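The structure displayed is predicted, hence computed values, not measured ones.
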Amino acid sequence: MTDDSTRELLVSRIRDVPDYPKPGVMFKDITPLLADPKAFSALTDALAGLCARYGATKVVGLEARGFILAAPVAVRAGLGFIPVRKAGKLPGATLSQTYELEYGSAEIEVHAEDLTEGDRVIVIDDVLATGGTAAASLELVRRAGAEVVGVAVLMELGFLKGRDRLEPALRGVPLEALITV
């Protein structure tokens with residue numbers, strides 16, 4: 001897990017933006033963290049440490065900010081990086097998974113050949129909000145034949161109860177949030 005000094009550094013680089021994208025919302029902007037090489041490196045190290053702890057062989061990043069975190073983690077950990085994209089963004093043969101949103105549905109995809117039986121996958125994203133995208137990604141990874149060994153996020157928005165909604169899809173796999181707000 002992340003030590004207190006790392007957690008404090010990460011929290012100090014996340015900017016609150018009131019009333020964005022609409023009135024009453026307090027947006028958590030991670031771009032100052034990404035712009036700070038010490039904080040971004042500390043974040044990358046913490047997530048790469050989770051890859052080692054769980055014996056991951058591949059890192060899955062969720063579109064779009066999850067890519068920003070997961071790709072350098074994969075490099076740091078010496079693992080392959082697999083993007084999970086919105087439907088229609090990947091060329092070639094894909095596996096897709098539809099999931100429900102508050103008003104409607106969405107679909108994500110992964111290249112069918114990028115994950116195989118024997119792969120041990122950690123799924124990385126920037127924020128755990130309601131848990132819908134994360135749950136869909138776990139199903140997608142499993143349908144590809146790979147094993148999910150962990151889920152890691154920079155920040156969990158605890159008040160949205162995404163962890164509770166995600167619990168059935170986790171099937172006992174650990175969920176690590178470096179920061180909970």
* Which pairs pass salt bridge (Lys or Arg N to Asp or Glu O under 4.0 Å) with one or both residues in residues 151-165, sequence neighbours excluded? -> E156-R163
* L34 CG to L43 CG distance, which is reported to the nearest 0.5 Å -> 7.5 Å
* Asked: Considering all heavy atoms of both residues, which atom of T6 and which atom of A42 are nearest to each other, and what is their separation?
  -> CG2-CB, 4.1 Å
* To do: Treat each ILVMFWY residue as a node, draw an edge where side-chain heavy atoms are under 4.5 Å apart, and state whether V127 and V73 are in one component.
  => yes
* Asked: Is there side-chain contact between D125 and L69, with at least one heavy-atom pair below 4.5 Å?
  -> no
* Would a hydrophobic clustering, with Ile, Leu, Val, Met, Phe, Trp and Tyr connected at side-chain separations under 4.5 Å, put L62 with L170? -> yes
* **Y20-F159 co-clustered via ILVMFWY side chain contacts under 4.5 Å** => no
* To do: Determine, for R85 against E109, whether the closest basic-nitrogen to carboxylate-oxygen distance falls under 4.0 angstrom.
  => no
* To do: Taking all non-hydrogen atoms of both residues into account, name the closest pair between P32 and R13 and its distance.
  => CB-O, 3.2 Å
* Asked: Does the D36 side chain pair with the main chain of L33, one donor and one acceptor, at a distance under 3.5 Å?
  -> no
* Asked: Can you check whether D119's main-chain N or O pairs, donor with acceptor, with T57's side chain at less than 3.5 Å?
  -> no
* Hey, could you give me the CG/CG distance between L166 and L175, rounded to the nearest 0.5 Å? => 6.0 Å
* State whether the side chain of K58 and the backbone N or O of D114 hold a donor-acceptor pair below 3.5 Å, judged by distance alone. => yes
* Asked: Between V11 and E8, is any pair of side-chain heavy atoms under 4.5 Å apart?
  -> no
* **Least distance between heavy atoms, Y99 atom then A136 atom** => CD2-CB, 3.5 Å
* Looking at side-chain heavy atoms only, is the closest gap between L178 and V153 below 4.5 Å? -> no
* Structure fact -> In V110, I122, L115, the residue satisfying side chain to side chain contact (heavy atoms under 4.5 Å, CB included) with V60 is L115
* Nearest 0.5 Å please: distance from the CD atom of E139 over to the OG1 atom of T98. => 11.0 Å
* **Closest heavy-atom pair and its distance - S137, I108** => N-CD1, 3.6 Å
* To do: Nearest 0.5 Å please: distance from the CD1 atom of I179 over to the CG atom of L10.
  => 5.0 Å
* To do: Mind checking the CD1-CZ spacing from I30 to R65? Nearest 0.5 Å is all I need.
  => 6.0 Å
* **V121 reachable from F67 in the ILVMFWY side-chain graph, under 4.5 Å edges** => no
* Are L90 and I82 grouped together when hydrophobic residues (ILVMFWY) are joined by side-chain heavy atoms under 4.5 angstrom apart? -> no
* Minimum heavy-atom separation for V149 to P174, with atom names? -> O-CD, 3.5 Å
* Using modelled atom types only, decide if a donor and an acceptor are shared between the side chain of D16 and the backbone of K28 within a distance under 3.5 Å. => no
* Structure fact -> Rounded to the nearest 0.5 angstrom, the CG-CG distance for L128 and L157 is 7.5 Å
* Asked: Do R76 and S41 touch side chain to side chain, with heavy atoms closer than 4.5 Å?
  -> yes
* **L138 side chain reached by R171 side chain, heavy atoms, under 4.5 Å** => no
* Return the minimal non-hydrogen interatomic distance between V59 and C51, and the atom names on each side. => CG2-SG, 3.9 Å
* **Heavy-atom side-chain proximity of F40 to I68 below 4.5 angstrom** => yes
